[in-house]
Amino acid sequence: MTTLRINGKKYKIDVDPEMPLLWAIRDIIGLTGTKFGCGIGSCGACKVLVDNSAVYSCLTSVTQAEGKNITTIEGTTENLQLLQKSWAEFNVPQCGYCQPGQLITATSLLNTNQNPTDTDIDEAMSGNICRCGTYQRIKSAIHHTVELKKQNK
């Protein structure tokens with residue numbers, strides 16, 4: 001048995017310890033917001049936070065995540081909620097498939113850098129592919145979130 005702590009809740013699951021975290025989250029636990037994209041860590045659709053750092057859940061085993069705090073797109077953190085608000089305001093999603101991974105990566109960025117530059121954003125978000133090409137809107141939404149955070153202080 002493996003215990004995973006996801007979005008503040010503990011889940012006991014009986015799976016192969018090398019199972020990718022993505023499949024444990026989606027197929028075993030039933031949280032389907034995290035998306036399967038490529039399965040090789042190239043697209044970023046599957047990203048989740050593990051101890052506040054964005055990781056590819058398709059490449060992270062259940063064993064590697066055990067005992068750590070995992071946050072999916074269904075989770076709630078201040079940065080994630082503010083980013084979701086900005087995403088809507090800036091009309092970021094088109095098809096929406098990559099957006100959970102984009103939001104998780106942006107959350108990880110703001111967890112470590114409260115005032116990122118365009119270069120910081122480009123570097124942090126480089127592991128996420130958006131087939132619709134909404135990169136400029138993503139960048140604008142991240143900058144807007146920084147402003148929202150300053151207003152809320």
Side-chain angles (χ1 to χ4, degrees), residues 4-9 11 18-62 64-65 68-153:
L4 296 176
R5 184 176 171 84
I6 303 174
N7 302 328
K9 185 176 176 185
Y11 295 90
E18 295 308 309
M19 172 186 267
L21 181 59
L22 171 65
W23 301 123
I25 291 169
R26 286 185 57 82
D27 294 349
I28 307 301
I29 295 167
L31 298 172
T32 58
T34 303
K35 302 300 180 202
F36 172 74
C38 66
I40 59 171
S42 291
C43 73
C46 71
K47 284 189 177 176
V48 297
L49 295 176
V50 175
D51 287 343
N52 285 319
S53 293
V55 302
Y56 295 97
S57 64
C58 71
L59 299 179
T60 304
S61 71
V62 168
Q64 291 171 308
K68 298 178 180 171
N69 290 313
I70 303 161
T71 304
T72 69
I73 194 66
E74 293 94 348
T76 55
T77 70
E78 178 190 11
N79 284 334
L80 181 55
Q81 289 176 322
L82 288 173
L83 283 161
Q84 289 170 332
K85 181 179 178 181
S86 294
W87 246 240
E89 237 177 278
F90 282 79
N91 215 12
V92 172
Q94 285 186 15
C95 82
Y97 198 83
C98 71
Q99 296 309 305
Q102 299 278 6
L103 283 158
I104 288 294
T105 303
T107 300
S108 178
L109 169 63
L110 294 182
N111 286 346
T112 59
N113 184 343
Q114 305 234 346
N115 197 21
T117 64
D118 282 349
T119 302
D120 295 333
I121 293 170
D122 290 342
E123 287 175 7
M125 303 303 290
S126 67
N128 293 73
I129 296 172
C130 176
R131 293 179 189 161
C132 302
T134 64
Y135 300 109
Q136 285 306 113
R137 285 189 246 166
I138 289 168
K139 190 180 298 183
S140 296
I142 292 170
H143 283 304
H144 182 68
T145 301
V146 169
E147 294 306 313
L148 288 175
K149 287 184 73 166
K150 288 177 183 174
Q151 291 171 10
N152 288 344
K153 285 188 178 182

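For the numbers below, each heavy atom of this structure counts, side chains included, while hydrogens, waters and symmetry mates do not. Source: prediction; values computed, not measured.
Looking only at distances, a side-chain donor or acceptor of Tyr135 sits under 3.5 Å from a matching main-chain atom of Cys130. Remark: the backbone N or O of Gln64 is paired with a side-chain donor or acceptor of Lys68 at under 3.5 angstrom.
Considering only heavy atoms from C-beta on, Thr34 stays 4.5 Å or farther from Lys47 through its side chain. Contact of the Leu148 side chain with the Ser86 side chain is registered, since non-hydrogen atoms from C-beta on lie closer than 4.5 Å. A heavy-atom distance below 4.5 Å is not found between the side chains of Ser53 and Asp51. Within the 4.5 Å cutoff, the side chain of Ser57 has heavy atoms near those of the Val48 side chain. For the pair Ser61 and Met19, the minimum side-chain heavy-atom distance is 4.5 Å or more.
Using modelled atom types, one finds a donor on one side chain and an acceptor on the other under 3.5 Å when comparing Asn111 with Asn79. Inspection of the Asn128 and Thr105 side chains reveals an N or O donor paired with an N or O acceptor under 3.5 Å. Asn7 and Thr72 form a side-chain donor-acceptor contact under 3.5 Å, judged by distance and modelled atom types alone.
Sequence neighbours left out, the pairs with a member in residues 117-136 that pass salt bridge (charged side-chain N to carboxylate O under 4.0 Å, His left out) are Asp122-Lys139.
Under the side-chain hydrogen bond (donor to acceptor under 3.5 Å, both in side chains) rule, His144 has a single partner from Lys85, Lys149, Glu89, which is Glu89.
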Show, in sequence, the C-alpha distance, side-chain angles and deciding distance for Trp87 and Arg137, and conclude whether the side-chain contact (heavy atoms from CB on, under 4.5 Å) test is met. CA-CA 8 Å; Trp87 246 240; Arg137 285 189 246 166; over 6 Å; no

Should Ile70 and Tyr11 be marked as a side-chain contact (heavy atoms from CB on, under 4.5 Å) after you check the CA-CA gap, both sets of side-chain angles, and the distance that decides it? CA-CA 11 Å; Ile70 303 161; Tyr11 295 90; over 6 Å; no

Show your working on side-chain contact (heavy atoms from CB on, under 4.5 Å) between Ile6 and Glu74 and close with a plain yes or no. CA-CA 9 Å; Ile6 303 174; Glu74 293 94 348; over 6 Å; no

Begin from the C-alpha positions of Leu22 and Tyr56 and carry the test side-chain contact (heavy atoms from CB on, under 4.5 Å) through to its verdict. CA-CA 8 Å; Leu22 171 65; Tyr56 295 97; over 6 Å; no

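Across all non-hydrogen atoms, the minimal contact from Leu80 to Gly75 is CD2-O, 3.3 Å. Gly96 and Pro93 get closest at one heavy-atom pair: CA-CB, 4.2 Å. Minimum interatomic distance between Val146 and Leu110 (heavy atoms only, all atoms of both residues): CG2-CD2, 3.9 Å.
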